[in-house]
Amino acid sequence: MCRKGRLVLFSGPSGVGKDTLLEILYKRIPELQHSVSVTTREMRPNEVEGRDYYFISLDEFERMRENGEILEFNKYGSHYYATPKKPIDNWLKDGKDVVLKIDVHGTANVKKLYKKKCVSIFILPPSIEELENRLRLRGTESESDFRIRMETAVNEIEQSESYDYRVVNDDLEKAADEVVKILKHKKLK
Ligand code: ADP
Ligand code: 5GP
């Protein structure tokens with residue numbers, strides 16, 4: 001890493017391959033710290049509490065929000081997603097680079113708060129059709145959730161120009177190489 005203590009804002013439409021890429025990224029840059037968000041959505045069969053998310057109730061989310069424990073949050077479909085604040089500040093204080101897997105809305109909010117500490121990366125699908133295929137193949141969403149995700153995807157891709165870097169996830173290894181290169185060699189924009 002050329003500079004320590006950055007927030008890596010990692011976004012892209014649902015199903016584009018963010019988790020798949022992050023798995024490779026954490027193996028190749030083990031010192032990266034992953035920020036685990038809280039969510040009120042249900043856990044998917046392949047997910048693990050505390051690794052993918054902290055799965056919480058709506059009451060618990062409201063309590064965290066009222067107590068000022070949340071850095072930013074968004075409602076996606078009918079569920080809330082939020083970044084806990086305290087771990088982020090502790091990691092930054094320790095000079096760590098922290099990855100936040102958040103949406104476009106969350107990225108804008110974190111950028112306002114942490115300004116120059118942020119590097120933002122948006123992962124693009126090779127095409128909308130391929131995104132649809134990946135989301136269908138993953139098979140984790142109900143039909144109504146699937147539709148919401150596809151509608152949100154088009155909207156998010158339109159807003160992706162505000163990101164520092166955009167990487168197309170067509171060939172997985174090539175996309176991973178590109179992200180590693182950005183994090184290892186590029187200075188903050
Ligand atoms: P996200 O975290 O962005 O929602 P996932 O990492 O869960 O997306 O990936 C969605 C699906 O697409 C998974 O089944 C994954 O294996 C597949 N996938 C990811 N990257 C690629 C790629 N480059 N080519 C083909 N399939 C991919
Ligand atoms: P999924 O349900 O597919 O895990 O996530 C849905 C969307 O919520 C994705 O775009 C993901 O990046 C976003 N997301 C996950 N955690 C957070 C968070 O803490 N804050 C915000 N703003 N978005 C999040």
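Indexing begins at 1, ligand by ligand and atom by atom, following the structure's order. The figures here come from the full heavy-atom set of this structure, side chains too, leaving out hydrogens, waters and symmetry mates.
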Problem set entry | Polar side chain donor-acceptor pair, T39 to R41, under 3.5 angstrom | no

Exercise. Applying a strict 4.0 Å limit to heavy atoms, is H105 in contact with ligand 2?
Worked result: no

For this session: State, without any angle test, whether Y163 and T107 hold a side-chain donor-acceptor pair at a distance under 3.5 Å.
Result: yes

For this session: Check R41 against ligand 2 and report side chain, backbone, both or neither, counting heavy atoms closer than 4.0 Å.
Result: side chain

Exercise. Tell me, which protein residue and heavy-atom name are nearest atom 12 (O) of ligand 2, and how many Å apart are they?
Worked result: I102 C, 3.5 Å

Exercise. Between L92 and V110, is there a shared hydrophobic cluster once you connect ILVMFWY residues whose side-chain heavy atoms come closer than 4.5 Å?
Worked result: yes

Problem set entry | Shortest reach to atom 4 (O) of ligand 2 by a heavy atom, considering only Y76, Y80, Y53 | Y53

Exercise. For E47 and ligand 2, does the shortest N/O to N/O distance drop below 3.5 Å?
Worked result: no

For this session: Tell me, yes or no, whether the heavy-atom count around Y54 atom OH, taken from other residues, nucleotides or ligands under 6.0 Å, exceeds 12.
Result: no

Problem set entry | Closest protein heavy atom (residue, atom, distance) for atom 20 (N) of ligand 2 | E72 OE2, 2.7 Å

Problem set entry | Considering all heavy atoms, the nearest T83-S37 contact | OG1-OG, 4.3 Å

For this session: Classify the side-chain pair D145/Y76 by whether it contains a donor and acceptor separated by less than 3.5 Å.
Result: no

Exercise. Got a salt bridge between R63 and D59, using NZ or NE/NH1/NH2 to carboxylate O under 4.0 Å?
Worked result: no

Problem set entry | Where ligand 2 meets N74 - atom numbers and elements under 4.0 angstrom, heavy-atom basis | 22 (N)

Exercise. Identify the closest protein heavy atom to atom 2 (O) of ligand 2: which residue and atom is it, and at what distance?
Worked result: Y81 OH, 2.5 Å

Seminar exercise, completed: re atom 10 (O) of ligand 2, the protein heavy-atom contact at minimum distance is D103 CB, 3.9 Å

For this session: With heavy atoms under 4.0 Å as the rule, classify the contact between R44 and ligand 2 as side chain, backbone, both or neither.
Result: side chain

Seminar exercise, completed: In this structure, atom 14 (N) of ligand 2 is nearest to the protein heavy atom K101 O, 3.7 Å

Exercise. How about F10 and F122: are their ring centroids closer than 6.0 Å?
Worked result: no

Problem set entry | Contact residues of ligand 1 (heavy atom under 4.0 Å), by chain and number | P13, S14, G15, V16, G17, K18, D19, T20, R134, R138, N169, D170, L172

For this session: Output all residues satisfying side chain to side chain contact (heavy atoms under 4.5 Å, CB included) with N155, sequence neighbours left out; order by chain, then residue number.
Result: Q159

Exercise. Quick one: which ligand 2 atoms are inside 4.0 Å of a heavy atom on S37?
Worked result: 16 (N), 17 (C), 18 (C), 19 (O)

Exercise. Are more than 12 heavy atoms from other residues, nucleotides or ligands located less than 6.0 Å from atom CD of E60?
Worked result: yes

Exercise. Judged by non-hydrogen atoms, does A82 sit under 4.0 Å from ligand 2?
Worked result: yes

Problem set entry | atom 17 (C) of ligand 2 protein-contacted, heavy-atom criterion under 4.0 angstrom | yes

For this session: Could you walk me through whether Y114 and D89 pass side-chain hydrogen bond (donor to acceptor under 3.5 Å, both in side chains), step by step?
Result: CA-CA 10 Å; Y114 289 85; D89 288 334; 2.7 Å; yes

Seminar exercise, completed: Here the atoms of ligand 2 under 4.0 Å from any heavy atom belonging to G106 are 22 (N)

Exercise. Just wondering, more than 12 heavy atoms not from E42 lying within 6.0 Å of its CD?
Worked result: no

Problem set entry | Residue, atom name and distance, where the atom is the protein heavy atom closest to atom 3 (O) of ligand 2 | R149 NH1, 2.7 Å

Exercise. Is V104 reachable from L135 through a run of I, L, V, M, F, W or Y residues, each pair having side-chain heavy atoms under 4.5 Å apart?
Worked result: yes

Exercise. Going by the order shown, which atoms of ligand 2 are within less than 4.0 Å of some heavy atom of S14?
Worked result: 3 (O)

Problem set entry | K111, NZ: over 12 other non-hydrogen atoms inside 6.0 angstrom | yes

